Amino acid sequence: MAAPGPPGYKNQVPQDPELLRRLLRAKDRIDAASHEEWPVRRLARVSAVSEAHFARSFKEAFGVPPHRYLLTRRIERATALLRDTDLGITEIAFKTGWRSTGTFGRTFRDVTGESPGELRARVRPATQALACVPVCILRAAHRPGLTIAVSEKRRQEACVKDEAEEGEVP
Amino acid sequence: MKNGVGMVGLYVRDQDEAIDFYVNKLGFKVKNDVKNGDYRWLTVQHPEQPSFELGLFTPESPALDAGSVQALRELVAKGAMPPLVLIVDDCRAAYDRLRGRGVEFTQEPVERYGTVDAGFRDPSGNGWKMRQGRG
């Protein structure tokens, strides 16, 4: 028997390519302006489908719900700005679409495992010349993976922490 | 050219639509358009690059099984095919010209790394980067 593929690889219901092409348009719009607000209503309009249909079809097509996709693009943008510019963390938070630095810092840590400041300190000395790789392609490649909701990730990490702490009790 | 790459093929959803896009909008020329039954070998060429052909093919049976045809149509429409790069002498002028012809841009011209680049897609979903040549 063939080895099982990644989740959703084979057993997926076929999707209409015409619909997918329109969903791609919404994804492109997020990519082009991830600092903007992208409520489902706005995205659904870009794809010319109903809101309920949009959210479900987008997740089926691209493996993540639209809001989580947006989140990962924002984290990628913030990571790049932390790495490649001297902008302050507050400015980066607002530039990449967050309304508060608190939410930015917390979400950034939840997704990447380190704070914006820690990441900056770690990657800046190692920044190499990537000028020959088209930037948009690099950006798509550096988008953090986020296979579960941030709230779920937080919950799981809290459980692990609790267990570790319990283990230390004599 | 005595040795080298002569043709690279793209999957498109509709070959007539692809001709309209690559020829009438981007300015390529049809190099080969040969029909044999339902099969159509279609290639276009950049006017300044006579040694290279871009093939525009539809995923279809019986060359491919029905499942692969569906999978490829979905992948192309989802923008999952590999990136393509078009070199132009003036990215901003080309952006204005192509946008005026109805090309769907995904990224406005941006200056970086000593050059200017923009991004667009063909009607099928193939993603192109349009980059200004360096010097």
Side-chain angles (χ1 to χ4, degrees), chain A residues 2 5-6 8-36 46-49 57-64 66 69 73 77 80-81 83-85 127-143, chain B residues 11-14 17-18 21 58-60 65-88 91 95 99 102-134:
Chain A
Y9 171 63
K10 271 272 170 177
N11 302 322
Q12 237 173 2
V13 183
Q15 283 186 283
D16 173 17
E18 300 289 328
L19 168 65
L20 292 171
R21 182 64 183 87
R22 297 203 308 273
L23 295 173
L24 176 62
R25 204 157 283 144
K27 183 164 167 279
D28 281 340
R29 294 283 298 276
I30 293 177
D31 291 348
S34 62
H35 59 284
E36 291 182 13
V46 171
S47 294
V49 291
S57 314
F58 187 97
K59 180 167 188 293
E60 259 174 54
F62 301 113
V64 283
Y69 181 75
R73 286 311 296 219
R77 286 308 306 130
L81 292 172
R83 190 185 56 220
D84 303 335
T85 73
T127 301
Q128 44 325 41
L130 285 162
C132 61
V133 185
V135 174
C136 64
I137 291 150
L138 214 54
R139 286 184 182 173
H142 284 171
R143 187 177 72 84
Chain B
Y11 279 128
V12 296
R13 63 184 182 186
D14 179 291
E17 179 186 61
F21 180 78
T58 48
E60 57 190 273
D65 63 279
S68 299
V69 169
Q70 174 66 22
L72 283 165
R73 283 184 184 152
E74 290 183 15
L75 290 170
V76 172
K78 285 200 275 188
M81 300 312 262
L84 300 152
V85 179
L86 182 70
I87 304 294
V88 293
C91 187
Y95 171 82
R99 222 164 80 100
V103 172
E104 180 184 342
F105 274 86
T106 51
Q107 180 216 302
E108 293 176 8
V110 175
E111 189 165 0
R112 53 191 161 198
Y113 302 132
T115 183
V116 184
D117 67 73
F120 64 87
R121 287 195 190 279
D122 75 6
S124 306
N126 291 298
W128 283 86
K129 184 103 295 215
M130 182 167 78
R131 197 173 66 197
Q132 194 160 307
R134 290 185 177 90

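Keep in mind that what you see is a predicted model, and the values were worked out from it rather than measured. Side-chain atoms are counted along with the backbone in the values below, which use heavy atoms only and exclude waters and symmetry mates.
With rounding to the nearest 0.5 angstrom, the CZ atom of A:F62 is 6.5 Å from the CG atom of A:L20.
Listed by first and then second residue, the side-chain hydrogen bond (donor to acceptor under 3.5 Å, both in side chains) pairs that reach into residues 66-83 of chain B are B:D65-B:S68, B:Q70-B:E74, sequence neighbours excluded.
Interface remark: of the candidates B:P123, B:G114, B:G127, B:P123 forms the most heavy-atom pairs closer than 4.5 Å to chain A. Chosen from B:R121, B:R13, B:K129, the residue pairing most often with chain A at heavy-atom distances under 4.5 Å is B:R121. Counting heavy-atom pairs closer than 4.5 Å to chain B, the top-ranked of the candidates A:R21, A:E18, A:R25, A:R22 is A:R21.
In this structure, B:Q132 contributes its side chain and B:V116 its backbone to no donor-acceptor pair below 3.5 Å.
Proximity of B:V76 to B:V12: side-chain heavy atoms (C-beta onward) are nowhere separated by under 4.5 Å. The shortest side-chain heavy-atom distance between B:T58 and B:D14 does not fall under the 4.5 Å cut-off.
For A:S57, the side-chain contact (heavy atoms from CB on, under 4.5 Å) criterion is met by A:Q15, A:L19, A:L23, A:H53, not counting sequence neighbours. In this view, A:R139 and A:R73, A:E76, A:R77, A:V135, B:R112 satisfy the side-chain contact (heavy atoms from CB on, under 4.5 Å) rule, not counting sequence neighbours.
Within residues 27-35 of chain A, the residues having any heavy atom under 4.5 Å from a heavy atom of chain B are, by residue number, A:D28, A:A32.
Interface remark: B:E108 contributes no atoms to any contact with chain A (heavy atom separation under 4.5 Å). For chain A, no part of B:T115 is nearby; none of its heavy atoms comes within less than 4.5 Å.
A tilted orientation is assigned to the rings of B:F21 and B:F120, their planes being inclined by 30° to 60°.
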